Amino acid sequence: MASRFNPFKADGHWQKIWEEQGVFNAPPASDPRPKSYILEMFPYPSGRIHMGHVRNYTMGDVLARYKAMTGHAVLHPMGWDSFGMPAENAAMEKKVHPGAWTRQNIEAMKKQLKRLGLAIDWSRELSTCEPDYYGHEQALFLDFYKAGLVYRKESEVNWDPVDMTVLANEQVIDGRGWRSGALVERKKLNQWFLKITDFAEELLEGLEGLEHWPEKVKLMQENWIGKSKGLRCTFNLVGSHDGIDVFTTRPDTLYGASFVAIAADHPLAQSLAENAPALQDFIAECKRGGTTAAELETAEKMGFNTGISVEHPLDSNWHLPVYVANFVLMDYGTGAVFGCPAHDQRDLDFARKYDLPVTRVVADGDKEDSAFYGDVAYTGPGKIVNSHWMNGLSVDEAKADVIAKAEHEGWGVGQPQYRLRDWGVSRQRYWGTPIPIIHCEFCGVLPVPRTQLPVKLPEDVSFDIPGNPLDRHPTWKHVKCPNCQEPAIRETDTLDTFADSSWYFIRFASQPDDKPFDKEEAEAWLPVGQYIGGIEHAILHLLYARFWTRALQKVGKLDFAEPFAALFTQGMVTHETYKSSAGAWLSPEEIKFEGDKAFTLDGAPVERGRIEKMSKSKKNVVDPDPMFDQYGADAVRWFMLSDSPPERDLEWSESGIEGTWRFVNRVWRLVDGLENAEGEDKALDKSLHRAIAGIAADIEALHFNKAVAKVHGLVNDIEKAAPSASRTTAIRTLPLLVAPMLPHLAEEAWVALGNKSLIAGQPWPSHDPALLVDDEVTIAVQVMGKLRDTLTVAKGSPKDALEALALASEKVQRSMDGASPKKIIVVPDRLVNIVI
RNA sequence: GCGGACGUGGCGAAACCGGUAGACGCAACAGACUUAAAAUCUGUCGCCCUUUGGGCGUGCGGGUUCAAGUCCCGCCGUCCGCACCA
């Protein structure tokens, strides 16, 4: 009667029952049990589920199922981040409508996800490209507009002159449009912005309270916000009442200044250029060249001497030249800097090139000379020198003193500066949320009246000709001004898709028809108890979502600031790569192995490459569907949880998945071969109760690999144990312990054991704390810190007894070789160390 | 350049507050069962030696300690993020 677990029957069978009974539908927000909102980052419907999704959703699923078993009201939803460029690209390439393409993909991926057997409340499924989602987003946008969190300003975009379209930075390759190959131009457009910078300080401070976020992510956000403290001060133009505003983090080096440099876009540079063709040329030169990291790094410092001078703020008789320089950025600080070459590498490079003075003002050890030699700036700490009244101060003291003096004398203020810039949300694209704004010639910029929401995307659009389909649609943009009723024009920009993902987690918790969400209901579930996703969203998505939540709080829609109480970033799923001798990538199905060497199916040699993230371009992708066909959902799930710690990368391997398949069957055989027996097996009881407690702790800590190891340990112990009542109990308990990870097998086993109800509704087994404590312990006996023997003694044996036992050991005596102990260290229940 | 993480058997990894390094799995090897194979079961599995014992061993070099994978200092390597940020 020995049988094999048949996942091909069991998977579909149980998935259907779960769905019919709505087992995983979240209870109402009024449910008195503690709430547990488990969320994985929702997918973009690209067409196929990949192994990264499988890993991500399996982890969340284990947690959600476990939380349900431990008495929580669980919300575990799923949706689709379904606006975005790939749909428009598909529309252009395949002549399909972006909506049709997207919805088809959603259907296909949903089917794949369901095969995984996820404990998801599908009744709350949402898709951001549908008006019943984005219409509410438009309402929120108008709330922000009303609260002054939205504004419009001219801003530069990458413009493809052939495709007549705006390009994202990642679509610009070597300065050319990725599709057309045309040289990209910079173009100024009026664009919408959200005032995330209003929240810069809050977003930074809020990080401290996020105890359950990875340090790494918090650090990345901190760097992105990029706060620096410094002095903003004015350098007066010689012979004029105007001045140049400068920001510096090194006011202590003010006496080492030798020039002032302004950005090419600086208003002063622009006005000077009007009558100076040479400067115009220089500014044009600065604007050429890419903005990529590599180009910037190699770009040489260039300056243009404007011929004008400014007064040093600490000494009006001291005049400094003003340059326009390519390394000064208009959008950071004030777009102007003073150069202190001795203590800033960039300034030093510039000063050496244009032969400007270099004066040391911070002592480098005992080097205090004002003359500075060499091409390496000194940026370390030291006492201030050659700086009049500041001499002898430390760098920090000098900074504080200069700021105090500037504020007292009125020529500068100490202020923080942030790297973070406002969030430009305008996209000149079709497949996104229409920005609900109307432009009237007479009344100006007006919000769309609430009663007219949602502003729906027109379905009848074409992608045959370049440009924004919304802009050239014959009727869509023509509306009446809500104010004066004269003809007016709709905004044809759509919102950045990051806006869609900035509040979806709130809509999951509460989905009324007439508003984005209900405050009370949302607050009952949120913040998300555990958010799980890829590290690639460490900055933008998570920062925008944090901002959006704070903005909602500011406009009174919600009463909490942080959307995600705990964050977990899982590692990637990787696979070895293969290349033919011609250098073409080969997929794993095109390879066979002979020993360590790989060959094509025709026998040609294959070069084995690095283990990399699965990607279509490298052809090292393993599709989940055939794995479900061959091994069933549970084996795939178990593999995803085994071995690698979840935050680390997981290498997919054929032997690995076979191993997990074997294990699933081992569990099944135990249950299948169960016989009722009598008698107690104390050791097995302990093993069981230890597993119950240990697996629970590991799942709660998201240490799935350790939980898996503990299940293995228990299964090994059960297999070795002789029949007993203890063994029968252990086998009856086992399905409960694997239920979060192997839900189909667990249901099947539960029935086989004679239970009537679903295992999904069962409580996690309780353990007896007394059984977690050993009454015997093994003690290490060391001589001079080296292990010589081990002793098994009763737990809590007194020190002197342990000492005596240790000294009596034959092995210990041999290794002491007649020497007498100088000192004996006894750590109760652990070890004895004899020092001779 | 700045910031961060990591480095343990053939491989993925465990190891709590410094207290028996290598749990658990994969691969490999030997054996049992079988006509045979698969499946399953039993066992071995860090390196070395003079093998009932002993030496060495957590990237390398030092230090603290009775005791270091774990703490401190200095290197080397790998990976990631940011970057002309004033």
Side-chain angles (χ1 to χ4, degrees), chain A residues 2 4 214-217 219-224 226-228 230-232 246-251 253 261 263 291-302 325-329 331-340 344-347 349-350 379 417-419 535-536 538-539 596 638-639 642-645 647-651 653-660 662-663 665-666 669 703 705-716 719-720 778-791 811 814-815 821-827 829-836:
Chain A
R4 268 189 155 197
E215 285 304 318
K216 179 183 170 148
V217 173
L219 195 73
M220 281 163 74
Q221 294 219 348
E222 194 181 315
N223 290 339
W224 189 260
K227 182 178 183 176
S228 53
L231 171 70
R232 184 176 175 149
V246 159
F247 177 76
T248 179
T249 55
R250 293 295 303 270
T253 64
T291 51
T292 63
E295 282 179 78
L296 288 175
E297 194 167 352
T298 50
E300 203 179 334
K301 307 278 175 289
M302 290 191 304
N326 65 341
F327 65 86
V328 182
L329 308 174
D331 51 18
Y332 187 79
T334 60
V337 299
F338 81 81
C340 176
D344 182 284
Q345 190 57 47
R346 210 183 32 205
D347 295 346
D349 294 346
F350 191 80
T379 55
Q417 178 70 40
Y418 302 91
R419 204 192 76 110
I535 187 75
E536 67 274 19
I539 297 173
D596 281 350
W638 192 251
F639 183 86
S642 298
D643 286 356
S644 276
E647 68 278 8
R648 238 178 275 179
D649 290 351
L650 171 72
E651 195 197 343
S653 79
E654 198 58 32
S655 58
I657 183 72
E658 271 166 22
T660 62
R662 283 199 297 271
F663 180 75
N665 279 293
R666 266 172 77 195
R669 276 196 304 276
H703 294 160
N705 57 321
K706 292 194 222 167
V708 162
K710 289 193 174 104
V711 174
H712 269 287
L714 176 63
V715 168
N716 288 347
E719 280 177 344
K720 285 193 187 104
T778 307
I779 304 249
V781 183
Q782 300 176 334
V783 177
M784 296 300 285
K786 285 192 187 293
L787 183 73
R788 295 301 168 191
D789 199 2
T790 56
L791 302 170
K811 288 175 185 167
R814 185 166 48 203
S815 115
K822 252 191 246 158
K823 189 175 172 188
I824 299 177
I825 287 122
V826 183
V827 183
D829 295 337
R830 276 238 115 103
L831 62 65
V832 179
N833 188 12
I834 300 163
V835 184
I836 51 176

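For clarity, every value in this text was computed on a predicted model and none was experimentally measured. Proteins come first, then strands; the chains are lettered A, B, ... in the order of their sequence lines, and each starts at number 1.
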**Request:** Looking at every strand, decide which applies to A:Val827 at a 4.0 Å heavy-atom threshold: base, sugar-phosphate, or nothing.
**Result:** base

**Fill in**
Which of B:C16, B:A14, B:C66 is nearest the side chain of A:Pro645? It is B:A14

**Message:** Nearest whole Å is fine: how far is B:U40 C1' from A:Lys720 NZ?
**Reply:** 15 Å

**Asked** Is the glycosidic angle of B:G69 within 90° of 0, making it syn, or outside that range, making it anti?
**Response** anti

**Asked** Side chain of A:Leu787: nearest nucleotide among B:U20, B:A86, B:C82?
**Response** B:U20

**Of the listed nucleotides B:C24, B:G19, B:C26, the one nearest the side chain of A:Ala709** = B:C24

**Gap separating the CD atom of A:Gln417 from the OG1 atom of A:Thr334, nearest 0.5 angstrom** = 8.0 Å

**Message:** Suppose you measure atom C1' in B:U78 against the same atom in B:C41; what distance do you get, rounded to whole Å?
**Reply:** 42 Å

**Complete:** Rounding to 0.5 Å, atoms CD (A:Glu647) and NE2 (A:His703) come to a distance of 6.5 Å

**Request:** Look at A:Asn716 and B:G25 and indicate whether a side-chain polar atom (N or O) is within less than 4.0 Å of OP1 or OP2.
**Result:** yes

**Request:** For the side chain of A:Lys301, starting at C-beta, report the closest nucleotide among B:A83, B:G54, B:C84.
**Result:** B:C84

**Message:** Which label fits A:His712 and A:Phe663: parallel for a plane angle under 30°, tilted from 30 to 60°, or perpendicular past 60°?
**Reply:** tilted

**Request:** Assign each of A:Ile825 and A:Lys786 to its nearest nucleotide of RNA chain B by heavy atoms, then name whichever residue's nucleotide is nearer the 5' end.
**Result:** A:Lys786

**Spacing of the P atoms in B:A13 and B:C79 (rounded, Å)** = 16 Å

**Prompt:** Between atom CD in A:Gln782 and atom P in B:C66, what is the gap in whole Å?
**Reply:** 13 Å

**Nucleotide nearest A:Asn326 (side chain, heavy atoms from C-beta), chosen from B:C26, B:C84, B:A86** = B:C84

**Distance, rounded to the nearest Å, where A:His703 contributes NE2 and B:C16 contributes P** = 12 Å

**Fill in**
Considering only heavy side-chain atoms of A:Thr790, the closest of B:A86, B:U40, B:U20 is B:U20

**Request:** Please tell me which of the listed nucleotides, B:G25, B:G19, B:C66, lies nearest to the side chain of A:His712?
**Result:** B:G25

**Request:** Could you please name the partner base of B:G61, counting Watson-Crick and G-U wobble pairs only when both distances are under 3.5 Å?
**Result:** B:C73

**Message:** Taking B:A83 as the reference, what is the distance to B:G3 when you measure between their P atoms (whole Å, please)?
**Reply:** 16 Å

**Asked** Going by heavy atoms in the side chains, are A:Val715 and A:Arg666 under 4.5 Å from each other?
**Response** yes

**Request:** Would you tell me if any nitrogen or oxygen in the side chain of A:Lys706 comes within less than 4.0 Å of OP1 or OP2 on B:A15?
**Result:** yes

**Prompt:** How about A:Gln345 and A:Thr379: do any of their side-chain heavy atoms sit closer than 4.5 Å?
**Reply:** no

**Complete:** Whole-Å distance, A:Arg830 CZ to B:A21 C1', equals 13 Å

**Message:** Please confirm whether the shortest side-chain N or O distance from A:Arg346 to OP1 or OP2 of B:C85 is below 4.0 Å.
**Reply:** yes

**Request:** Could you check how far CG of A:Leu219 sits from P of B:A5, rounded to whole Å?
**Result:** 8 Å

**Prompt:** If only side-chain N and O atoms of A:Asn223 are considered, is one of them under 4.0 Å from the OP1 or OP2 phosphate oxygen of B:G81?
**Reply:** no

**Counterpart base for B:A5, defined by Watson-Crick or G-U wobble contacts under 3.5 Å** = B:U78

**Asked** Does a side-chain N or O from A:Arg419 land closer than 4.0 Å to OP1 or OP2 of B:A83, or not?
**Response** yes

**Prompt:** What's the CG-C1' distance between A:Asp347 and B:A86, to the nearest Å?
**Reply:** 7 Å

**Message:** Once you apply a heavy-atom cut-off of 4.0 Å, does A:Asp349 come out as touching a base, just sugar-phosphate, or nothing?
**Reply:** nothing

**Message:** Rounding to an integer number of Å, can you tell me how far A:Phe663 CZ sits from B:G25 P?
**Reply:** 9 Å

**Prompt:** Taking the same atom, C1', in B:C16 and in B:G53, what whole-Å distance lies between them?
**Reply:** 34 Å

**Prompt:** So what does A:Arg232 touch, heavy atoms closer than 4.0 Å: a base, only the sugar-phosphate, or nothing?
**Reply:** nothing

**Request:** Nearest 0.5 Å please: distance from the OH atom of A:Tyr418 over to the OH atom of A:Tyr332.
**Result:** 10.5 Å

**Identity of whatever pairs with B:G43 - Watson-Crick or G-U, under 3.5 angstrom** = B:C29

**Request:** State, with a plain yes or no, whether a side-chain heavy atom of A:Thr253 is found less than 4.5 Å away from one of A:Phe338.
**Result:** yes

**Message:** Looking only at the side chain of A:Asp643 (C-beta and beyond, no hydrogens), which of the listed nucleotides B:G12, B:U20, B:C82 gets closest?
**Reply:** B:G12

**Message:** At 4.0 Å (heavy atoms only), tell me whether A:Thr778 reaches a base, stays on the sugar-phosphate, or touches nothing.
**Reply:** base

**Message:** Just N and O in the side chain of A:Arg666: are any of them under 4.0 Å from OP1 or OP2 of B:U40?
**Reply:** no

**Message:** Taking only the P atom of each, what is the distance from B:G25 to B:A15 in whole angstrom?
**Reply:** 16 Å

**Request:** Would you kindly give the CD-to-P distance between A:Glu658 and B:A38, to the nearest whole Å?
**Result:** 12 Å

**Request:** Specify the residue among A:Asn705 and A:Lys216 whose closest nucleotide of RNA chain B lies further upstream toward the 5′ end.
**Result:** A:Asn705

**Heavy-atom side-chain contact between A:Val835 and A:Met784 under 4.5 Å** = yes

**Prompt:** Of the nucleotides B:C84, B:G19, B:G25, which one has an atom closest to the side chain of A:Leu329?
**Reply:** B:C84

**Item:** Listed nucleotide nearest any side-chain atom of A:Arg662, set B:A13, B:U40, B:G54
**Value:** B:U40

**Pairwise distance CD(A:Gln782) to CD1(A:Ile824) - rounded to 0.5 angstrom** = 13.0 Å

**Request:** Provide the distance between the two P atoms, one in B:G12 and one in B:C72, to the nearest whole Å.
**Result:** 26 Å

**Item:** Separation between the C1' atoms of B:A37 and B:C45, rounded to whole Å
**Value:** 26 Å

**Item:** Test side-chain contact (heavy atoms from CB on, under 4.5 Å) applied to A:Lys216 and A:Ile535, step by step
**Value:** CA-CA 9 Å; A:Lys216 179 183 170 148; A:Ile535 187 75; 3.9 Å; yes

**Message:** Under 4.0 Å, counting only non-hydrogen atoms across every strand here, what does A:Val328 touch: a base, just sugar-phosphate, or nothing?
**Reply:** base

**Prompt:** Under 4.0 Å between a side-chain N/O of A:Arg648 and OP1 or OP2 of B:U78, yes or no?
**Reply:** no

**Item:** Conformer about C1'-N of B:C17 - syn within 90° of 0, anti elsewhere
**Value:** syn

**Separation between the C1' atoms of B:U40 and B:C33, rounded to whole Å** = 9 Å

**Request:** For B:C16, give its Watson-Crick or G-U wobble partner with both distances under 3.5 Å, or none.
**Result:** none

**Prompt:** Is there a donor and acceptor pair closer than 3.5 Å between the side chain of A:Lys822 and the base of B:C66?
**Reply:** no

